[in-house]
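First the structure, in the form of structure tokens, and then the observations on it.
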Amino acid sequence: MKIIPQIETPAGENYIDFEENLSKLIEGIKYKGKKFGLNGAGAGDAIGSYSVVIEQNFGINALLLCNDLKNRHNNNLNIIYAFNMRDKNRVAILSDLITFEQLGLKNIIISEGLHPLKTVFYAAKPVYDIDVLGLSSIIKTGFPLLKDNDYVNNFSLFNLGVVVGISTPADFLKIKKLSKIGVDRFIINYFGDNLDINIINYIKAEKKPVFIFINESNVKSTLEEFIKKNLELNVDGIIIKILNEKSNIFTQD
Amino acid sequence: MFLTEKKDAKEIDEALNKYKRIGIVGCASCASVCLTGGSKEVKEMEKHLVNIGKEVPFTISIDEPCDKRVLKEDIRFVEDELADTEAILVLSCGTGVQTIGEYTDKKVVTGVDSRYIAQTEHIGEYNALCGGCDECRLNFTGGVCTVTLCPKGLLNGPCEGHNGINCEVAEESKCVFMKSYENMSKFFEEENLSRIFSPRDYSRTIKRKI
């Protein structure tokens, strides 16, 4: 069982301070991993020993932070870049993917993204130019995006994770399509009950790792209790979105 | 029907501020059904304009002000008054407003907000089912338009944000992809169930005559 923090890039904070605090957080996760007797996170897996998910929102550019973390941690940290379909059209996404690949990074997580109405940018125009199934096709099967252009991407080597719901037959159908395309891992948006275990079993049978994704504010117990409660789901890890790299579920005893 | 909503009177008054003689054109079709531009609303608007010191040389309800053929025929009834009018307040959707502006070459002001193509449940209760997106996929989606009914306009859903029952955004509504799935299953549409839509081709949406 891996426990992985996910954090948005900062908006109002000094970038250097943020990076240093993030490094402290990662040390904190190593400590917690040992304390809980977890394998902290599963060496040998593509996501690796210790991982952090850097989510692009309205703060500084997440690709910049991914690159800095990669250089600072000497490849001893798996850096996962998370972005959504809400904020960028296919041109901007393609640019991000090309940059990501050129930086030598490989792990990405994509989601449709919370609708602006549910965010502080409630009046923003959402993009949703392409959806995660469309983008997964582009990444994994090389579906062409450009007209009359011979550009061929090298994205098929990316470790592609997709955030999904797993409550309904419609979710199951989407997951089957994503799996067929070649998506490497699934991240379940966690709402508590309402999970269809059959879908998790299907993903496991397809030999793809499954993670739970949850916001820190929705963890209504201690981290230890939350992990224990979800052991029976037989997932490979939990990605917890934290709001503050200095004070969060990982840094509190 | 194309749904419209009444604008705030203050915005209309400001738009008409520098004009004294104002004609009013209503729409006897869609705007009449949704009670924003029928003959009753035209009368109310006339009364309002007179109250704020304007002159109203004519009022008229046109069957379909968005149809140039109908407009040409009907507008003849107020031809003389129109010549002596500084601005026209139009109580119809944006298509009607622009058609009247183009045809009369007068200053036009809209009195309503244009919303969407609507299904009428009752007067005052409407549903948006079609977004007029240029490429209808209803044959492949169980007869429900996910582009219009999903607040994210997804082709391949559902998104990760629903809670197993309701939509992340329209919390009182069921996720449209569940409805789509149920319909396709009901009619044994295996091919459609396994379909993955390619990203939308937006080049189709700008082929408009300007």
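Lettering follows sequence order; numbering is per chain, from 1.
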For Val164(A), which atoms come within 4.5 Å of any heavy atom of chain B: side chain, backbone, both, or neither? backbone
Could you tell me whether Glu191(B) atom CD has more than 12 heavy atoms of other residues or ligands within 6.0 Å of it? no
Are His162(B) and Asp171(A) packed together at the side-chain level, in the sense that at least one heavy-atom pair is separated by less than 4.5 angstrom? yes
Around atom NZ of Lys179(B), are there more than 12 heavy atoms of other residues, nucleotides or ligands at under 6.0 Å? no
Would you say Glu160(B) and Tyr190(A) make side-chain contact, with heavy atoms under 4.5 Å? no
Could you check whether any side-chain heavy atom of Phe177(B) comes within less than 4.5 Å of a side-chain heavy atom of Thr168(A), counting everything from C-beta outward? no
Just wondering, do Glu168(B) and Glu112(A) contact through their side chains at under 4.5 Å, heavy atoms? no
Quick check on Asp105(B): does its CG atom have over 12 non-hydrogen neighbours (other residues, nucleotides or ligands) under 6.0 Å away? no
So which part of Arg86(A) gets closer than 4.5 Å to some heavy atom of chain B, the side chain, the backbone, both or neither? neither
Leu114(A) versus chain B, the contacting section by heavy-atom distance below 4.5 Å: both
Contacting region of Asn194(A) [heavy-atom separation from chain B under 4.5 Å]: side chain
To check you understand the geometry: which heavy-atom pair defines the closest contact between Asn156(B) and Asp131(A), and what is its length? N-OD2, 2.9 Å
So for Ile187(A), is it side chain, backbone, both, or neither that comes closer than 4.5 Å to the heavy atoms of chain B? neither
Donor-acceptor pair, side chain of Lys177(A) and main chain of Arg195(B), under 3.5 angstrom: yes
Among Cys159(B), Pro151(B), Pro158(B), Cys175(B), who wins on heavy-atom pairs under 4.5 Å with chain A? Pro158(B)
Measure distances from Ser137(A) to the heavy atoms of chain B and classify the residue's part below 4.5 Å as side chain, backbone, both or neither. side chain
Residues Tyr181(B), Lys174(A); criterion side-chain contact (heavy atoms from CB on, under 4.5 Å); working and verdict: CA-CA 11 Å; Tyr181(B) 175 87; Lys174(A) 180 177 174 179; over 6 Å; no
Residues Glu171(B) and Lys118(A) bridged, charged N to O under 4.0 Å: yes
Are Leu133(A) and Leu154(B) side-chain neighbours, meaning at least one heavy-atom pair lies under 4.5 Å? no
Please determine, among Leu117(A), Leu173(A), Ile130(A), the option with the most heavy-atom pairs under 4.5 Å with chain B. Leu173(A)
Tell me, for Ser194(B) versus chain A, whether the close heavy atoms (under 4.5 Å) come from the side chain, the backbone, both or neither. backbone
